[in-house]
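These numbers come from the heavy atoms of this one structure, side chains and all, not from hydrogens, waters or symmetry mates. Lettering follows sequence order; numbering is per chain, from 1.
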Amino acid sequence: MESCWLEGEGQEEEEDMEEDWSAPVDGREAQDQHHSPALARSTVSFSSPDGPSVASDGASSASSSSAEGTGIMTRMELNTFKAGMEGLDKEKINKIIMEASKGSRFYENELRKEKQMAGRISAMMDRLASITPQQQQEALLQVDKMVEDLVEGRDLSRTIVHLDMDAFYAAVEMRDNPALRDKPMAVGGIGMLSTSNYLARKYGVRAAMPGFIGKKLCPDLVIVPTNFDKYRTVSSQVRDVLRQYDPYFAPMSLDEAYMDLTEYLELRKSLPEEERTFYAHTEECFMSKENAAVDNQKKEDMLGETQASVKVPELSVNSTTNIDDEDGSLEKSKVTPCHDDNVSSPCCGTEELPETCEQIAKDVKEKEKPEGHDCETMGCEKVVFGCDAEEVVREIRFRIQQRTYLTASAGIAPNMMLAKVCSDQNKPNGQFYIPSDCEAIMDFIKDLPVRKVCGIGKVMAQQLNALGITTCTHLYEQRAVLSLLFSPISSSHLLRVALGLGATRIERESERKSMSVERTFSELSKPSELYRKCWELCEALAKDLQDEGLKGRTVTIKLKTVNFEVKQRGQTVPRAVSSMNEIYDVAEELLKMEIQQCQPQPLRLRLMGSSAKRRKQEKPPTKTTTLDRFFL
DNA sequence: TACATACAC
DNA sequence: GATGGTGTATGTA
């Protein structure tokens, strides 16, 4: 989904500090951060004599956090770097969020993580303070060599598109239930929301927010349970369209995909107008066939700024598989990337695919209009799309809307990093184009908040913030310091971002490296219950492994205590395993050790997980004739 | 290799 | 009253 409230909460778990469970003592004080802006400024002047405009407000906001009992933890704040945040009363929303959370075990854990982060930042500031001007000068020379290489290697020849469905799950539910259309609503459960519609976002209700907090922010919020089967079906309809423009497109989740339009755009130049002509079907078209209908849509309407202007009559959808809110509703929607090379591959849904691109195209175009219907005589609005990238993307979005009655947003740029940022720019139901031109890229990058860049999350953003870095311009100005404070991998990534660089080739599907199953439950602490849960998880994992014909060399268990502390324990076995018994043997042993460690206290858990990983760096056999593949 | 952390969706 | 599940990458020891 495109927005998050507490991004990636589940994975950002507390460091394992067993001895500290009941004594959360942390010597480092939050005020340590207060010296950061000044330090940041003083160092900036070394590396950048031409006087960068360091945002001091950015730096100081890093210190607004973690004063226990007072301010709002930055970790828990509403993320304001997402689309659709205009005109929100952030203060009020954050206050409600904090009040709803305060005193909970979750909150206490967040508080600890916040302190830990403050400590890390303070350590970083100490390192910064110890850097000499000479060191900075040297670093700058080094970094600028890299800059030269990077700039020289810049590839502006590709046209990459990132396509993102607007409020996907929520939009699907609204489409199928008109009663929801004028209400603030979210998809998920009282425990966690997967996404919310734009009306609910006005109240601060976001993806990855627990439903009960959503209700506090917006008492009228309607929460609809997830229905993944339906989203998968819609997703495969969208993919049917995308495939025609890039057969190697890469889905990132049910609602998001990257495409490389470069080759298609060449073909497009000689595509006759007829092939670029579509009809916006009227409601009558469909009614005449007692089929689903869509309101008469003009091209302008389609591409306007308002979301879901499409009116759809009730579809006879009654797939009400009620997925268990606690467990099933938040399954990751990620699906195997679809790089089927004209081969009919089952990876993009259950529908059988035609064999050639032409057939796919014909088939899809057929599905986009009512059965046996002649648009010319029915007076459907005729739309002809042009041949440039923007027109093609408009066409793609138009066809998606005609096919699914849902809107999508898109970003068009010379690389994946930029395309991704762009797709958020005019959301919902909009698109944004960055031409393949250095100046245009730099102009776009200039004031871009670093937090908007894919890969720069909450933690990195806060670290950068402490250095006075909030935009990509700052990132470039501070390149020398960054190369000294961060690892080579991190700093070169930041440098690439600062230069507006990103991947220009969409990677083909890579081999899976691990498979896991995990569940949250109400507290379990009796060993018999814990072993039983472990057994169930291993059983589920074994089934998943066998379904995909995979085996793993390293078996790990994941435990989350009732205080939200996460531990992971693993063991590598001599031979790859996939059966229930083999996996459980290892997992049981690992669990046993943890239970013993705790004694005489019980091990009190709220989550348990089991996973199998393949060994690092070894390539699995490419062509497998046997059924078994291996995580070697 | 083991474990923790960060990130995305 | 109540804060998810799956997968990848990376840093460190």
Side-chain angles (χ1 to χ4, degrees), chain A residues 1-17 75-76 97 100-101 103-110 113 116-117 120 164 168-169 188-195 207-216 226 228 251-256 323-337 420 451 453-463 486-490 493 510-522 537 540-541 544 553-554 556-558 560 564-573 590 606-607 609 611 613-617:
Chain A
M1 310 315 305
E2 79 276 11
S3 58
C4 254
W5 174 65
L6 293 171
E7 295 95 333
E9 216 36 71
Q11 297 310 302
E12 303 174 13
E13 298 300 344
E14 177 61 273
E15 193 182 313
D16 180 15
M17 298 190 296
R75 299 188 56 80
M76 297 191 67
I97 292 171
S101 304
S104 66
R105 286 170 163 152
F106 177 80
Y107 176 87
E108 293 303 318
N109 191 251
E110 289 298 298
K113 287 199 257 184
Q116 188 192 324
M117 204 149 108
R120 293 228 320 259
D164 197 341
F168 187 50
Y169 301 168
I190 203 70
M192 190 57 62
L193 303 176
S194 290
T195 191
M209 174 183 279
F212 69 92
I213 291 187
K215 280 274 195 189
K216 292 216 158 98
T226 49
F228 277 100
M252 304 309 287
S253 62
L254 289 180
D255 75 324
E256 208 177 289
I323 297 169
D324 175 19
D325 278 345
E326 288 309 312
D327 290 346
S329 66
L330 293 150
E331 278 169 29
K332 186 177 168 93
S333 48
K334 192 161 187 164
V335 190
T336 325
K420 168 88 179 154
R451 186 64 180 85
V453 177
C454 188
I456 300 182
K458 200 160 36 180
V459 172
M460 177 58 88
Q462 199 166 335
Q463 285 179 295
F486 291 95
S487 72
I489 289 174
S490 296
H493 174 244
S510 57
E511 283 292 328
R512 176 200 277 283
K513 297 188 172 70
S514 73
M515 190 176 261
S516 65
V517 179
E518 67 185 60
R519 290 286 171 266
T520 295
F521 37 76
S522 48
L537 289 162
L541 178 62
D544 290 351
R553 280 287 310 276
T554 303
T556 66
I557 60 166
K558 176 176 166 181
K560 192 192 281 181
F564 289 88
E565 288 156 329
V566 173
K567 324 179 188 206
Q568 193 193 305
R569 296 292 178 264
Q571 196 187 334
T572 299
V573 293
L590 294 166
R606 70 179 336 270
L607 171 144
S611 82
K613 298 187 202 321
R614 104 176 168 202
R615 209 158 53 167
K616 245 186 169 171
Q617 296 297 14

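Across all strands, A/V573 comes closer than 4.0 Å to no nucleic acid atom at all (heavy-atom distances). Counting any heavy atom pair closer than 4.0 Å across all strands shown, A/S104 reaches a base atom. When heavy atoms are screened at a 4.0 angstrom cut-off, A/K420 is found touching the sugar-phosphate backbone but no base atom.
The side chain of A/S516 sits closest to C/dG7 out of C/dG7, B/dC7, B/dA8. Comparing atom distances between the A/R569 side chain and each of B/dC9, B/dC3, B/dT1 picks out B/dC3 as nearest. Side-chain proximity of A/A208 to B/dC3, C/dG4, C/dG11: nearest is C/dG4. Distance from the side chain of A/K558 is smallest to C/dT6 among B/dC7, B/dT1, C/dT6. Of the candidate nucleotides B/dC9, B/dC7, B/dA2, B/dC7 has the atom lying nearest to any side-chain atom of A/V459. When distances are taken from the side chain of A/K458 to each of B/dA4, B/dC7, C/dT6, the shortest belongs to B/dC7. Each of B/dA8, B/dC7, C/dG5 was ranked by its minimum atom distance to the side chain of A/M460; first place goes to B/dC7. Side-chain atoms of A/S487 lie closest to C/dG11 of the nucleotides B/dC3, C/dG11, C/dG5. Taking the side chain of A/F564 as heavy atoms from C-beta on, and the options C/dG4, C/dT10, C/dG5, the nearest nucleotide is C/dG4.
B/dC7 atom C1' lies 15 Å from atom NZ of A/K513, rounded to whole Å. Rounded to an integer number of Å, the gap from A/L254 CG to C/dG5 C1' is 14 Å. Distance A/F228 CZ to C/dG4 P: 15 Å, rounded to the nearest Å. Rounded to an integer number of Å, the gap from A/Q568 CD to C/dG5 P is 16 Å. Distance A/E511 CD to C/dG7 P: 14 Å, rounded to the nearest Å. At whole-Å resolution of the value, CE in A/M192 and P in C/dT6 are 14 Å apart. Across the protein-nucleic acid pair, A/H493 atom NE2 and C/dT10 atom P stand 10 Å apart, rounded to whole Å. Between the CD atom of A/Q116 and the C1' atom of C/dG11 there is a distance of 14 Å, given to the nearest Å.
Shown here for A/G189 and A/L193, the closest heavy-atom pair between the two residues is O-CD2, 3.5 Å. Smallest separation of non-hydrogen atoms from A/Y107 and A/S101: CB-O, 3.1 Å.
OP1 or OP2 of C/dT8 lies within a sub-4.0 Å distance of a side-chain N or O belonging to A/S514. For A/R512, no side-chain nitrogen or oxygen approaches OP1 or OP2 of C/dT6 to under 4.0 Å. Between A/S611 and C/dG7 there is no side-chain N or O to OP1 or OP2 distance below 4.0 Å. Proximity of A/K216 to the phosphate of C/dA2: no side-chain N or O atom is located under 4.0 Å from OP1 or OP2. For A/T520, a side-chain nitrogen or oxygen approaches OP1 or OP2 of C/dG5 to under 4.0 Å. Phosphate contact (OP1/OP2 of B/dA6, side-chain N/O of A/R120, threshold under 4.0 Å): present. Between A/R519 and the phosphate of C/dG4, there is no side-chain N or O to OP1/OP2 separation shorter than 4.0 Å.
When each of A/P488 and A/L607 is assigned the nucleotide of DNA chain C with its nearest heavy atom, A/L607 is the one assigned upstream, toward the 5' end. In this structure, A/S490 and A/F212 both approach DNA chain C, and ranking their closest nucleotides by distance from the 5' end singles out A/F212.
Contact check for A/R451 versus A/K458: side-chain heavy atoms found under the 4.5 Å cut-off.
The side-chain hydrogen bond (donor to acceptor under 3.5 Å, both in side chains) check on A/S516 picks up nothing, with sequence neighbours excluded.
Atom-to-atom distance recorded for A/T554:OG1 and A/K513:NZ is 14.0 Å, nearest 0.5 angstrom. Between atom CE of residue A/M209 and atom CE of residue A/M76 there is a gap of 9.5 Å, rounded to the nearest 0.5 Å.
Between the side chains of A/S487 and A/S490, at least one donor N or O sits under 3.5 Å from an acceptor N or O.
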